[in-house]
Amino acid sequence: MPSWQRTHTCGELRLDHEGEEATLNGWVNNWRDHGGLVFIDLRDRYGMTQVVFDPNTDEEMHKVARDLRSEYVISVVGKVAPRLEGKRNPKLDTGDIELKATKLELLNRSEVTPFEIGPEAEATSEEIRLRHRYLDLRRPRMQRILDLRHRVCKTTRDYLSERGFLEVETPMLGRSTPEGARDFLVPSRVNPGDFYALPQSPQLYKQILMVAGYDRYFQIARCFRDEDLRANRQPEFTQVDIEMSFIDMDDIIGLIEGLACEIMSGILGRTITPPFPRYTWDDLMRRYGVDRPDLRFGMEIVDITGLAHETDFKVFQQAPSVRGLNAKGAADRYSRKGLDELTAFAGEYGARGLAWLKVDANSFTSPIAKFFSEEQAGKLREAMGAEPGDLLLFVADRYDASHAPLAALRHRLGKELELYNPDDFHFSWCVDFPLLEHDADTGHWVARHHPFTMPLEEDWHLLETEPEKVRAKAYDLIVNGEEAAGGTIRLHKPDLQAKVFSLIGLDEEEAQKRFGFLLDALKYGAPPHGGIAMGLDRWVMLLAKLENIRDCIAFPKTQRATDLMTGAPSEVEPRHLRELGLK
RNA sequence: GGGGAUGUAGCUCAAUCGGUUAGAGCACUGGACUGUCGAUCCAGAGGUUGCGGGUUCGAGUCCCGUCAUCCUCGCCA
């Protein structure tokens, strides 16, 4: 063991260690040179400890200590001593003690860093943080987040392992399937002109594992989708992927509720109680305009179509659906200009306009107030639960076109008007999704989730007559307006599977070509099975209250899908391209 | 593919209506200081105002183009 190796971490020493000799390793967070005494705050992943260098202890050592600068890496041997009375630092966990140095070894110098590292450092632009990610990750904030991420993974692995789940790895180099998102492709050198695809998820493999008898599977799986990035979307991301056999929907839901409770209590020390409320997809869309509403606050959508048709307002008369929101007490919060801005905001989500009414004691302040008779105004107040001071907002359009702007408005108003406690967590399930949806471009039915989703038993008879009414055995876990997990019970019977394929216009030959290996597998005694996938990155975002997904990924990509540290993606040698048959 | 925001010292920002030598805090360098802890005090260095073009007597500021980062619509389980 080299003489410089540490006996303790920088977050460890306490008054109990008084008098002991300890060796610490770490980075110089800060230095205070008094000409005589030199103080160093030494930092590592575990914390910070003050080290004191006294010229009377060792003159040579003191000379070296005076030259220490930020981010130098050192090893210090010293005696743990209580701080002088009144000199304790309550900001540090180790603030009751300090290390009186007897030996100092400079392990490495550091150039002046492009930004400061320590806990007191001010925010730095993300571009510069990403370019020097090795320094950014050294910061306490990032170390806390990655530590939390690790604990979520560990809790998940332990929880599932204790319940008999096997972690099985599936290939990264797979077959491209035309469904869903755009694939990342990898050229095959051995088979010129052919490509592998990186997995969008291990979906097909995990179903095949069920056929193979691995009745409880999980994987913390990297997934790839070549689509545009967002604050909460990266081209590669991580899912906790789970699949089980001989189970139904309630088993998966119960399993995930248990895991969610364990994560919440183990990591945040907060108790949540299952079962989480379940809402049907129809219900959520009608009341909130989205299948993953933030349920920490109310402000439900109110349908006033009938009433609207009676008014003299043409836009209201002619719209197939008129629905609105009541922003309680918000009339004074939005000026004309503010309302114009809300209108423009709704427009970004497809609304062709936004009707607004400010509620007074006996009237409305609104450009459309004149279209309401006294009686209609009364009915409107009643329908909206309107009281003086409220702001009413309406979107008049097709029912399905009004979902997005209303949901976006509700989400924005909830935040802007502080209608909920941002520290709260609200868990719920969305169930009874439609199995199919109509593709406006092709006129075909397409699978809403994926084409292997089991329809609800009581809807099987509708498959041929009214496919739009068939509900799926699908379930999404919603947390604070985010989809935190989503899954389905799978089709394991060939005849039902064939029926669904024909509905979405997949003939047998085509289906065989695309998913033949799965269809073949299902012929050999496939057990009833189903599963779920949890977005790990989004869970960490929720738990750590992060604004963007990059902060919970060690080496993320920019919005242009580049890595500022390594420069990926990059050009490659022409020779390499020739080998791959690409040039 | 569309819309928007930002880009000034190593970092975070300022610079009035287009006007003199582009400033501040932190960091950095040198010096002083034996109980500091985001040390203090003194002195100093540091700029292709993202890049290219244009308008103007004069551009950090206005116009055009371009690049980068972020947000967002479309896209995406």
Side-chain angles (χ1 to χ4, degrees), chain A residues 29-42 48-57 62 66 69-71 81 83-92 94-95 98 100 111-132 135 179-183 199-203 223-235 237 239 241 291-292 344-351 404-405 408 412 433 447-450 453 474-477 482-488 531-535 538 547-548 550 557-562 564:
Chain A
N29 187 71
N30 198 8
W31 48 282
R32 294 176 291 278
D33 181 354
H34 284 241
L37 290 179
V38 173
F39 298 92
I40 296 285
D41 296 329
L42 196 62
M48 201 130 72
T49 303
Q50 172 165 283
V51 183
V52 193
F53 297 92
D54 191 322
N56 300 322
T57 307
H62 180 256
R66 290 196 76 177
R69 293 295 179 268
S70 294
E71 302 311 314
R83 299 269 192 110
L84 299 175
E85 209 53 54
K87 304 288 182 192
R88 297 187 174 167
N89 186 347
K91 285 193 210 161
L92 293 182
T94 61
E98 62 194 359
K100 297 220 180 270
E111 290 190 11
V112 176
T113 53
F115 52 86
E116 291 163 64
I117 309 296
E120 311 283 353
E122 65 182 7
T124 305
S125 78
E126 201 178 356
E127 192 176 348
I128 285 160
R129 290 171 50 205
L130 290 176
R131 183 154 286 131
H132 306 277
L135 295 176
E179 302 282 318
R182 194 177 295 115
D183 282 323
Q200 295 181 26
S201 82
Q203 182 61 37
C223 305
F224 303 86
R225 292 177 191 160
D226 190 3
E227 298 291 345
D228 286 354
L229 289 80
R230 280 287 191 292
N232 62 358
R233 265 175 16 203
Q234 283 273 300
F237 59 98
Q239 282 188 347
D241 195 46
D291 56 10
R292 48 175 177 82
F345 176 77
E348 288 169 31
Y349 295 84
R412 171 172 168 167
F433 287 81
R448 186 174 191 92
H449 192 276
H450 61 61
T453 301
Y475 31 87
D476 278 4
L477 177 64
E482 298 279 351
E483 181 198 323
T488 63
I532 195 164
M534 295 171 41
R538 286 189 189 175
E547 295 278 316
N548 80 63
R550 295 178 296 280
K557 303 282 188 288
T558 66
Q559 199 181 34
R560 293 268 320 274
T562 65
L564 294 179

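In this text the structure is predicted, and so the values were computed from the model without any measurement. Chain A is the first sequence line, chain B the second, and so forth, proteins listed ahead of strands; every chain is numbered from 1.
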[N] versus [M] - spacing of their [atom1] atoms, nearest Å:
N      : M      : atom1 : value
B:rG10 : B:rG3  : P     : 34 Å
B:rC41 : B:rG4  : C1'   : 48 Å
B:rA15 : B:rG23 : C1'   : 7 Å

Any idea which of B:rA77, B:rG1, B:rU72 is nearest the A:Asp228 side chain? B:rG1
Starting the side chain at C-beta, find the nucleotide from B:rU69, B:rC76, B:rG38 nearest to A:Glu120.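 In terms of side-chain proximity for A:Glu120, the closest of B:rU69, B:rC76, B:rG38 is B:rG38.
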Produce the list of close N/O pairs, under 3.5 Å, pairing protein atoms with atoms of nucleotides 4-11 of chain B; give distances to one decimal.
{"from": "B:rG10", "atom 1": "O2'", "to": "A:Pro114", "atom 2": "O", "distance (Å)": "2.7"}
{"from": "B:rC11", "atom 1": "O4'", "to": "A:Pro114", "atom 2": "O", "distance (Å)": "3.2"}

Distance check: side-chain N/O of [X] vs OP1/OP2 of [N], anything under 4.0 Å?
X        : N      : value
A:Thr562 : B:rU69 : yes
A:Arg129 : B:rU12 : no
A:Arg230 : B:rC73 : yes

What string of B, S and - do you get for nucleotides 29-35 of chain B 5' to 3' if you count protein non-hydrogen atoms under 4.0 Å? SS--BBB
Quick one: does A:Arg225 reach the base of B:rC76 with a side-chain donor-acceptor pair under 3.5 Å?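 Such a pair does not exist between side chain and base.
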After noting the C-alpha distance and the side-chain angles of A:Arg233 and A:Glu227, does the key distance pass the salt bridge (charged side-chain N to carboxylate O under 4.0 Å, His left out) rule? CA-CA 9 Å; A:Arg233 265 175 16 203; A:Glu227 298 291 345; over 6 Å; no
Among A:Glu127, A:His132, A:Glu126, which residue meets the side-chain contact (heavy atoms from CB on, under 4.5 Å) test with A:Leu130?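 It is A:Glu126, the one option of A:Glu127, A:His132, A:Glu126 that forms the side-chain contact (heavy atoms from CB on, under 4.5 Å) with A:Leu130.
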Taking pairing as Watson-Crick or G-U wobble with both contacts under 3.5 Å, can you name the mate of B:rG44, or confirm there isn't one? B:rC28
Among all residues two or more places apart in sequence or in another chain, which pass the side-chain hydrogen bond (donor to acceptor under 3.5 Å, both in side chains) test with A:Ser201? none
Can you find a pair of side-chain heavy atoms, one from A:Glu122 and one from A:Phe115, that are under 4.5 Å apart?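 When only atoms from C-beta onward are counted, A:Phe115 and A:Glu122 do not touch, as no gap falls below 4.5 Å.
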Using the closest heavy atom to pick a nucleotide of RNA chain B for each, name whichever of A:Arg88 or A:Glu126 lands nearer the 5' end.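 The residue mapped nearer the 5' terminus is A:Arg88.
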